[in-house]
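Lettering of chains follows the sequences in order, A, B, ..., and the numbering in each one begins at 1.
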Amino acid sequence: MTRAPDRHNSEEVPIDELSTGRESIVRIVDLHKQFHQLQVLKGINLEVERGDVMVVIGPSGSGKSTMLRCINRLEESTSGHIFIEGDDIMAPGANVNALRQKVGIVFQSFNLFPHLTVLGNVMLAPLKVQRRPKGQVEETARRNLERVGLSDKVDVYPAQLSGGQQQRVAIARALAMEPDIMLFDEVTSALDPELVKEVLDAMKELAQEGMTMLVVTHEMGFAKEVGTWAVFMDEGVIVERAEPGELFDNPKNERTKSFLSKVL
Amino acid sequence: MQEFIRLWFNYSDLKEVLPVLVEGARITVVVAIAAQAIGVAGGLVLALLRISKLKILRLPAIVYIDLFRGTPLIMQVLIAYTALPLFGINLDAITTGIVVMGLNTAAYDAEILRAGIESIHAGQMEAARSLGMTYLQSMRYVILPQTVRRVLPPLTNDFIILIKDTAILSIVAVPELLRNAKEWVGWKARFSGYTGAALVYLAMTLPLTRLVSWMERRLSMGEADHAPQKGFLRRMFSFGSDEGSGTTGKGPRRSTHR
Ligand SMILES: Nc1ncnc2c1ncn2[C@@H]1O[C@H](COP(=O)(O)OP(=O)(O)O)[C@@H](O)[C@H]1O
Ligand SMILES: [Mg+2]
């Protein structure tokens with residue numbers, strides 16, 4: 001079913017063996033998610049290792065967002081396992097707030113805090129959650145805002161920014177917690193076409209800095225250029241995974257082929 | 001007709017009664033402010049319980065809110081004054097009045113605050129939680145600050161009603177505005193005391209009514225207005241509005257007849 005290199009070939013490997021991987025950041029094993037009667041995730045197996053930029057493509061409704069939301073437990077999984085750096089996040093007593101500090105997420109709708117300035121948005125969680133000293137938090141915040149090219153907007157309120165700028169603030173806000181992996185859920189889908197590039201550029205920059213990323217996107221150009229792995233998801237399962245060039249130019253699975261023929 | 005004017009709109013009577021009324025109005029203001037403080041604080045707790053996913057937290061809040069909103073305030077006042085002493089709770093008339101009106105207001109404010117909290121887009125809570133904030137941290141630093149300006153108009157409306165409703169305490173000998181007017185009228189048999197009381201109530205409520213209109217206007221201007229603002233209220237009502245339609249000014253407002 002998969003043509004990916006061996007280290008990604010994890011379907012048949014027992015859980016205890018899976019959890020020994022040293023560089024594994026996220027490991028998803030046989031993940032199921034059900035909304036009432038609706039089976040949305042039907043046995044997801046996926047591993048993201050440090051430095052990977054894993055791109056997820058797939059038709060709308062295939063469960064991509066649900067999978068991301070399960071990874072930081074915005075959604076409770078029905079069964080299966082998710083390991084973040086080896087820790088089973090679904091284990092009873094797992095500290096969900098500690099987990100979320102390791103996993104940054106950026107949404108399609110930017111969800112900036114409208115009552116706080118750009119700097120306030122980026123500083124809030126480090127101040128309140130990590131209780132780091134204010135001077136240090138501000139320094140980090142300014143650095144992260146510079147990373148996404150918004151040094152000149154620190155004192156502005158979100159409503160005064162373009163969508164692309166808002167989304168870059170959202171990226172900086174997630175980075176402020178110094179996560180080990182960043183999840184991106186169609187972060188450019190709500191943007192006007194001319195604003196897409198600045199956000200993708202910021203993400204590309206992050207990838208080049210070595211950030212581990214799991215990116216749900218329809219931007220095939222970005223996926224090919226920046227992705228180190230690509231997976232095609234359909235109807236709640238991962239149908240195919242490969243290096244992006246391979247997956248896009250030479251898909252093996254019929255469903256992948258048919259999807260790509262529609263979007264490319 | 002002349003008799004009516006002589007008894008109800010007598011200038012020298014009005015002048016005479018004014019100090020008595022102002023004395024009463026002081027009590028009215030103290031009771032209303034204290035009750036509103038209890039109401040907002042209690043209302044916030046009730047609202048948070050009310051939206052809880054846990055039935056064991058939600059249910060008591062629902063019962064409380066229904067009970068206080070479903071029975072006449074005047075009855076709650078009478079019960080408090082007659083029943084509390086039987087439990088060995090002996091508060092003076094004013095304190096008892098503050099407590100009852102506060103507990104009653106909490107039920108109404110709870111619904112206003114709940115509507116305000118629920119009007120904030122769910123993405124805000126998710127964004128806050130996804131950064132590792134606890135539920136209560138997210139409420140405190142993200143949801144509630146955004147709720148404030150949405151609930152200020154209905155809460156101020158509530159306060160106006162509360163000011164007027166304190167008149168109910170006149171039946172249990174709280175020396176508030178209406179009680180003082182009544183005593184003066186009963187003693188002098190000249191009704192300008194009532195007229196004066198009405199004018200004093202208006203002097204308290206009209207500015208607040210204007211304030212509510214101003215706040216609602218500012219809120220409905222919403223996103224159009226990003227200019228930096230001077231002054232606390234102006235600033236509060238100027239930051240760019242967020243996504244989600246919001247229920248500006250449409251909270252479950254209580255009617256005057258409760
Ligand atoms: N909270 C929810 N309650 C019920 N159904 C949901 C919920 N969230 C998502 N779904 C359903 O799950 C399916 C997958 O949704 P989603 O993960 O958003 O897909 P994608 O991101 O790939 O478009 C869809 O059919 C969607 O309607
Ligand atoms: Mg989605």
Side-chain angles (χ1 to χ4, degrees), chain A residues 65 68-69 71-76 95-118 120-131 155-161 163 166-167 169-179 182-183 185 190, chain B residues 53-54 113 116-117 119-152 215 218-230 232-248:
Chain A
S65 298
L68 289 197
R69 294 163 58 80
I71 293 175
N72 73 350
R73 283 188 55 179
L74 283 176
E75 216 67 80
E76 291 301 329
N95 183 343
V96 70
N97 296 315
L99 150 77
R100 286 178 178 145
Q101 293 175 51
K102 293 188 196 170
V103 182
I105 186 164
V106 184
F107 305 92
Q108 179 177 337
S109 54
F110 332 119
N111 294 335
L112 292 185
F113 308 137
H115 60 299
L116 299 175
T117 61
V118 164
N121 266 273
V122 180
M123 288 174 64
L124 182 64
L127 282 178
K128 302 304 176 192
V129 178
Q130 298 176 333
R131 298 178 187 283
D155 294 322
V156 152
Y157 284 91
Q160 292 162 267
L161 298 175
Q166 289 193 46
Q167 195 57 296
V169 175
I171 293 172
R173 182 175 66 178
L175 289 174
M177 299 304 281
E178 300 183 338
M182 288 279 285
L183 313 179
D185 191 3
Chain B
K53 284 198 199 81
L54 300 175
L113 291 165
I117 290 168
S119 76
I120 306 297
H121 195 276
Q124 291 288 310
M125 179 57 95
E126 290 202 335
R129 295 305 305 273
S130 76
L131 291 165
M133 283 192 252
T134 63
Y135 178 79
L136 286 178
Q137 281 176 327
S138 308
M139 268 292 162
R140 160 124 191 254
Y141 299 112
V142 175
I143 307 298
L144 291 179
Q146 297 181 59
T147 308
V148 170
R149 61 180 197 153
R150 293 187 183 182
V151 298
L152 262 183
M215 290 191 288
R218 299 284 303 192
L219 278 179
S220 65
M221 286 195 302
E223 226 154 321
D225 190 354
H226 298 144
Q229 301 286 338
K230 288 202 187 84
F232 167 74
L233 267 180
R234 270 173 196 281
R235 226 172 310 131
M236 162 142 305
F237 285 90
S238 74
F239 67 75
S241 96
D242 37 36
E243 70 269 72
S245 53
T247 58
T248 304

Novice: Residues two or more places apart in sequence or in another chain: which of them pass salt bridge (Lys or Arg N to Asp or Glu O under 4.0 Å) with B:Arg129?
Specialist: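 Here no residue qualifies.
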Novice: Check whether A:Arg173 gets within reach of chain B through its side chain, its backbone, both or neither, counting any heavy atom under 4.5 Å.
Specialist: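 When you check distances to chain B, atoms from both the backbone and side chain of A:Arg173 fall under 4.5 Å.
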Novice: Taking only residues two or more places apart in sequence or in another chain, which ones pass salt bridge (Lys or Arg N to Asp or Glu O under 4.0 Å) with A:Lys128?
Specialist: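 Checked A:Lys128 against salt bridge (Lys or Arg N to Asp or Glu O under 4.0 Å); zero matches.
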Novice: Measuring heavy-atom distances to chain B, does A:Val106 have an atom under 4.5 Å in its side chain, in its backbone, in both, or in neither?
Specialist: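 Nothing of A:Val106, per the 4.5 Å heavy-atom cut-off to chain B.
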Novice: Could you give the distance from CE (B:Met139) to CD1 (B:Ile120), rounded to the nearest 0.5 Å?
Specialist: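 If we round to the nearest 0.5 Å, B:Met139:CE and B:Ile120:CD1 are 9.5 Å apart.
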Novice: So for B:Gln137, is it side chain, backbone, both, or neither that comes closer than 4.5 Å to the heavy atoms of chain A?
Specialist: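 The side chain, not the backbone.
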Novice: Does any heavy atom of chain B fall under 4.5 Å from the side chain of A:Phe113, the backbone, both, or neither of them?
Specialist: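 Backbone plus side chain of A:Phe113, per the 4.5 Å heavy-atom cut-off to chain B.
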Novice: Ignoring hydrogens and geometry beyond distance, is a side-chain donor-acceptor pair present between A:Asn97 and B:Thr134 at under 3.5 Å?
Specialist: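 No, no side-chain donor-acceptor contact under 3.5 Å.
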